[in-house]
Amino acid sequence: LLRESVSAQPDDADAWYRLGKFLLKYGSPDEALEQLEKARKLAPQKVYVVHKIAQAFLAKNDASRALEIYTSIPEHRRTGYILRGMATCFLRQGKTMEGARYLSAAIQKEPGRFYHHRDLGLALAELEDRDQAIEELKKAKQLYRKEKGEDHSKITSKLEELRDMPRGERIVLDTPSSSRAGVSCGIVTKYDRERGFGFIRNGGDGKEVFFHISKVKNRVEPKPGDRVRFVKVAGRKGPQASDVQIAEANQ
């Protein structure tokens, strides 16, 4: 039925999104990505489409690529579920502290979601901050009971486990680093070696941005298909990429 829907409405981004979401839910992340990219091409401004693309990469165990996709979303548009998705990327990479920071930021956006508090409590337990972990898990338990009318067995079990854990140092969860603010991620689509310029497809909105080799770190010549990070700036003829850095995985 969903395939019939996109056939009947090929210009409806949400139709492609629903098909991609369904395929992802039922274990076909590669095919889901194809459909979700069609949705993003039709409606690059829809954050929930970008989120689902990142989730597809997480389903493929590619947390680095998923984080690149999430990072392409401007900070002012990062809702609670986007921040939680970014936290999941860091946690998958073993960066528990950074994951905890993003979960804390998600709670600031959506304080009533039990799963934000649960995941933060588990992260804090891994960081050996027993007291704060217990506080977050208790909040998660209360919110879950209020929403479902019963206790969450795994949260209850974890709380019992933490009571026997030695008290560790209390962690201060700062706001996630904004050092990446304004930084976009994308893929080089074209590079003219003789003329020293090319184009990058922005991972956030799918639009192509001009760049010159003089703006590439260490003047390392990129190749089509290389993943890069860059800062989009205003040029005389439109947006341009500055501070271009080729991802380490490509080098």
Side-chain angles (χ1 to χ4, degrees), residues 47-48 50-144 147 152 154-155 158-159 161-162 165-186 203-204 227-232 243 245 247-249:
V47 173
Y48 57 86
V50 180
H51 164 66
K52 199 57 67 174
I53 289 172
Q55 289 290 299
F57 279 106
L58 279 173
K60 288 162 59 68
N61 295 316
D62 191 346
S64 296
R65 182 69 180 124
L67 186 58
E68 285 183 13
I69 298 294
Y70 276 128
T71 305
S72 71
I73 300 173
E75 285 197 48
H76 70 277
R77 300 194 67 195
R78 293 177 188 173
T79 59
Y81 70 86
I82 296 296
L83 292 166
R84 183 166 181 258
M86 296 179 78
T88 300
C89 295
F90 285 114
L91 294 172
R92 292 273 188 94
Q93 293 175 326
K95 300 176 181 178
T96 310
M97 179 63 81
E98 198 67 14
R101 289 194 178 107
Y102 275 87
L103 286 168
S104 179
I107 288 171
Q108 292 176 34
K109 295 270 188 178
E110 298 177 334
R113 304 292 186 182
F114 84 89
Y115 40 79
H116 293 334
H117 292 279
R118 177 199 61 197
D119 291 351
L120 178 56
L122 294 174
L124 289 165
E126 188 174 334
L127 293 167
E128 300 183 348
D129 182 349
R130 188 198 72 173
D131 290 349
Q132 201 167 185
I134 289 174
E135 290 172 15
E136 293 300 329
L137 289 171
K138 282 184 175 180
K139 290 176 187 175
K141 184 178 179 179
Q142 292 169 358
L143 289 168
Y144 184 85
E147 180 180 331
H152 191 297
K154 291 185 178 179
I155 294 176
K158 189 64 180 180
L159 280 167
E161 178 187 325
L162 287 176
M165 178 180 172
R167 178 175 294 171
E169 183 178 350
R170 190 175 182 87
I171 294 170
V172 177
L173 293 171
D174 300 323
T175 302
S177 173
S178 60
S179 60
R180 296 172 67 93
V183 177
S184 300
C185 295
R227 294 175 183 170
V228 296
R229 296 185 180 88
F230 64 96
V231 175
K232 189 162 67 174
D243 299 327
Q245 184 172 351
E248 293 180 2

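One-based numbering along the sequence shown.
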TODO: Would you indicate whether the side-chain heavy atoms of Arg227 and Arg65 approach each other to under 4.5 Å?
DONE: yes
Open item on the list: Can you give me the closest heavy-atom contact between Leu137 and Gly121, atom names plus distance?
Closed with: CG-CA, 4.0 Å
- [ ] Would you sort out whether Lys138 and Glu135 count as a salt bridge (Lys or Arg N to Asp or Glu O under 4.0 Å), showing the intermediate values?
- [x] CA-CA 5 Å; Lys138 282 184 175 180; Glu135 290 172 15; over 6 Å; no
Please tabulate, for side-chain N and O atoms in residues 84-95, each donor-acceptor pair with protein atoms closer than 3.5 Å (sequence neighbours left out).
{"from": "Arg84", "atom 1": "NE", "to": "Asp119", "atom 2": "OD2", "distance (Å)": "3.1"}
{"from": "Arg84", "atom 1": "NH2", "to": "Asp119", "atom 2": "OD2", "distance (Å)": "2.9"}
{"from": "Thr88", "atom 1": "OG1", "to": "Arg84", "atom 2": "O", "distance (Å)": "3.0"}
{"from": "Arg92", "atom 1": "NH1", "to": "Leu58", "atom 2": "O", "distance (Å)": "3.1"}
{"from": "Gln93", "atom 1": "NE2", "to": "Ser64", "atom 2": "OG", "distance (Å)": "3.1"}

Task: Residues forming a side chain to side chain contact (heavy atoms under 4.5 Å, CB included) with Leu143, sequence neighbours excluded - done: Phe114, His117
Task: Nearest heavy-atom neighbours spanning Ala54 and Ala66 - done: O-CB, 3.4 Å
Task: Rounded distance (nearest 0.5 Å) linking atom CZ of Arg130 with atom CG of Leu124 - done: 13.0 Å
- [ ] Give the minimum heavy-atom separation between Val50 and Ser72, together with the two atoms involved.
- [x] CG1-OG, 4.2 Å
Task: Ile155 CD1 to Arg118 CZ distance, which is reported to the nearest 0.5 Å - done: 6.0 Å
Task: Smallest separation among heavy atoms of Glu128 and Met165, with atom names - done: CA-CE, 3.2 Å
TODO: Search all heavy atoms of Ala106 against all heavy atoms of Gly80 and return the closest pair with its distance.
DONE: CB-O, 3.6 Å
- [ ] Output the distance between atom CZ (Arg170) and atom CG (Leu127), rounded to the nearest 0.5 Å.
- [x] 13.0 Å
Task: Spatial distance of atom NZ (Lys154) from atom NZ (Lys158) [nearest 0.5 Å] - done: 12.0 Å
Open item on the list: Quick one, Ile171 and Met97 - any side-chain contact, counting heavy atoms below 4.5 Å?
Closed with: yes
Open item on the list: Using the rule side chain to side chain contact (heavy atoms under 4.5 Å, CB included), only one of His51, Lys109, Glu75 pairs with Ile82; which is it?
Closed with: His51
TODO: For residues Arg78 and Ile73, report the shortest heavy-atom separation together with the two atoms involved.
DONE: NE-O, 2.9 Å
- [ ] I would like to know whether Ile107 and Glu136 meet side-chain contact (heavy atoms from CB on, under 4.5 Å); could you show each step before the answer?
- [x] CA-CA 10 Å; Ile107 288 171; Glu136 293 300 329; 3.7 Å; yes
- [ ] Can you sort out the partners of Arg113 under side chain to side chain contact (heavy atoms under 4.5 Å, CB included), two or more places apart, ordered by chain and number?
- [x] Glu110, Tyr115, His116
Task: Side-chain touch Thr71/Arg229, heavy atoms, less than 4.5 angstrom - done: no
